[in-house]
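Letters A, B, ... mirror the listed sequences (proteins, then strands); counts begin at 1.
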Number of protein chains: 2
Amino acid sequence: MSWPPFDSPCLTPPPADSGPLGPCMHCRVRHLAVCSVLAGEEVQALDALAGAQVLAPGTVLARQGEPRRHVYTVTRGALRLVRLSAGGRRQVAGFALPGDFVGLSGAAVHQHDIEALGETELCRFGVEAMQRLGTRFPHLQRKLLERACMELDSARDQLMALARMTPTERIADFLLRLAAQQARSGEPAASLALPMPRADIADHLGLTVETVSRCLTTLRTRGLIALPEIYRVEILDFAGLEALNPA
Amino acid sequence: MSWPPFDSPCLTPPPADSGPLGPCMHCRVRHLAVCSVLAGEEVQALDALAGAQVLAPGTVLARQGEPRRHVYTVTRGALRLVRLSAGGRRQVAGFALPGDFVGLSGAAVHQHDIEALGETELCRFGVEAMQRLGTRFPHLQRKLLERACMELDSARDQLMALARMTPTERIADFLLRLAAQQARSGEPAASLALPMPRADIADHLGLTVETVSRCLTTLRTRGLIALPEIYRVEILDFAGLEALNPA
DNA sequence: CGCACGATTGATACCGATCAAACGGCGTGG
DNA sequence: CCACGCCGTTTGATCGGTATCAATCGTGCG
């Protein structure tokens, strides 16, 4: 509940190129998934609902099986959504970066653990309050539907990747996806921060850590990327990476 | 546009166990994704928008890349959503059975080919008309959001399957999923019709035809299923199949 | 009856998982 | 300040499972 007064610039329309529900840079990407589509009255209602939070690295925001009480918008840092199976198998369903909305689900309980990768800032809304708001402001509901449809498209793309791409292709696809996501936040995509360890990439792409490592070195050897630090990738040849994608 | 007058029973609430957006058996599962949630005026508006269609087996309803002009609800038969990559790789994103809503996507053009598996009956709505209706009836928009969230959950489940399950586990999971879907339509799930050829199952689960065949015989040998006909599966041991799922 | 096509069964090859080891950075403690 | 140890990453060697190639079977249709 302790957060600075809402920036008035946030009420101005977002830049034309920000796309549907894109980040609203005016308000320092604060609960950007919704702020860019609402008018004054609605923003006030949202402010009353929202709580800002800063999470230390490794903080567990939610565990699978717990009742879903909140939805979140990420404004800084990164989250990972992890599913652990009874057999000990691990799957990283996705990563939430600044601008992402977390919590679109039809289930009453969390399907994933939600964990902070680094120091992460986010904005929290109660689900039932959000639903009430949705009925009061059809505009918001519509934007949420758009967002859900986008995520659906994204999930289907990923199905294709998991089903029919080789490990190297998956890594290339993953890097390009991350670059695009980072580009949406305004930063150039050539130098790419990887907020997650190799194991998370592996569990995200259905691979092992060793294979991820090997594929990264393969891409480096081919001159497509550089690895100046462990948690950073320079994309040297976008076209070359895209050429790997058989889509 | 040629379809029988709208059954009045359709205006009554759907059976309690039909779940959100579940099939509305009263109106013979006709455009069931929406009919069960609307009142008289809205239903009339929908009728004006909807067109019933019956497709012969193999009919192509849409091709990837074409502009998306319609959404559909399946009332009989089955559709498959196919994506073909430049490299010739094939991915079946999913199957639409009676009760399913096809067309939740944020893209302006189709991401998949949509093809009828057998003789298939469906109901067509224009997307922009549907959107107008959504703004006029927030109730509808909300139901669409719920449906989108459900599909999102389902897609994420499938990601887990593709990333971390063995071929046999994927087949078992697929059969149980299909059984559950068929059960929603009211029919008992023990005897399961497979509307699609083996190749579609393979391309849906990221396998080859040969592996699908081998896994089915494996399950049969273990006494978990029977295969009385090629396009039919009897589930003999639900618990046994579920035990294969490591989730 | 013969053909065509999809499904099944069989034999082999290859790729990624697994097992194992070495490397590197970083924090701690001596 | 340096030595050590921990943990994540990288690299290496081997194994196994699934794709691939190939052949047979079965069914429906001409």
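- Between Arg76(B) and Glu119(B), at least one side-chain nitrogen of the basic residue sits less than 4.0 Å from a carboxylate oxygen of the acidic one, meeting the salt-bridge criterion.
- No option in Ile201(B), Leu244(B), Leu207(B), Leu175(B) other than Leu207(B) meets the side-chain contact (heavy atoms from CB on, under 4.5 Å) test with Arg170(B).
- Here Arg156(A) pairs with Glu151(B) in a salt bridge; the nearest charged N to carboxylate O distance falls below 4.0 Å.
- No salt bridge links Asp203(A) with Arg89(A); every basic N to acidic carboxylate O contact stays at or beyond 4.0 Å.
- Bracketed by its first and final contacts, the part of DNA chain C lying under 4.0 Å from non-hydrogen atoms of chain A reaches from dG16(C) to dC19(C) in 5' to 3' order.
- dG8(D) atom P lies 14 Å from atom CD1 of Ile201(A), rounded to whole Å.
- Under the rule for a side-chain hydrogen bond (donor to acceptor under 3.5 Å, both in side chains), Gln182(A) has no partner lying at least two apart in sequence or in another chain.
- Nucleotides of DNA chain D nearest to Ala199(A) and Pro167(B) differ in position, and the one nearer the 5' end is that of Ala199(A).
- Here dT9(D) presents its P atom at 15 Å from CZ of Arg220(A), a figure rounded to the nearest Å.
- Atom-to-atom, CD of Glu229(B) to C1' of dG28(D) comes out at 15 Å; the value is rounded to the nearest Å.
- Looking at residues 202-217 of chain A, you'll see Glu210(A), Ser213(A), Arg214(A), Thr217(A) sit with a heavy atom under 4.0 Å from some atom of DNA chain D.
- In this structure, Arg164(A) atom CZ and dA19(D) atom P are separated by 8 Å, rounded to whole Å.
- Between the OH atom of Tyr231(B) and the CG atom of Leu117(B) there is a distance of 9.5 Å, given to the nearest 0.5 Å.
- A side-chain contact (heavy atoms from CB on, under 4.5 Å) with Leu241(B) is found for exactly one of Leu219(B), Leu236(B), Ile171(B), namely Leu219(B).
- When Gln91(A), Gln158(A), Arg80(A) are each tested for a side chain to side chain donor-acceptor pair (under 3.5 Å) with His204(A), only one passes: Gln158(A).
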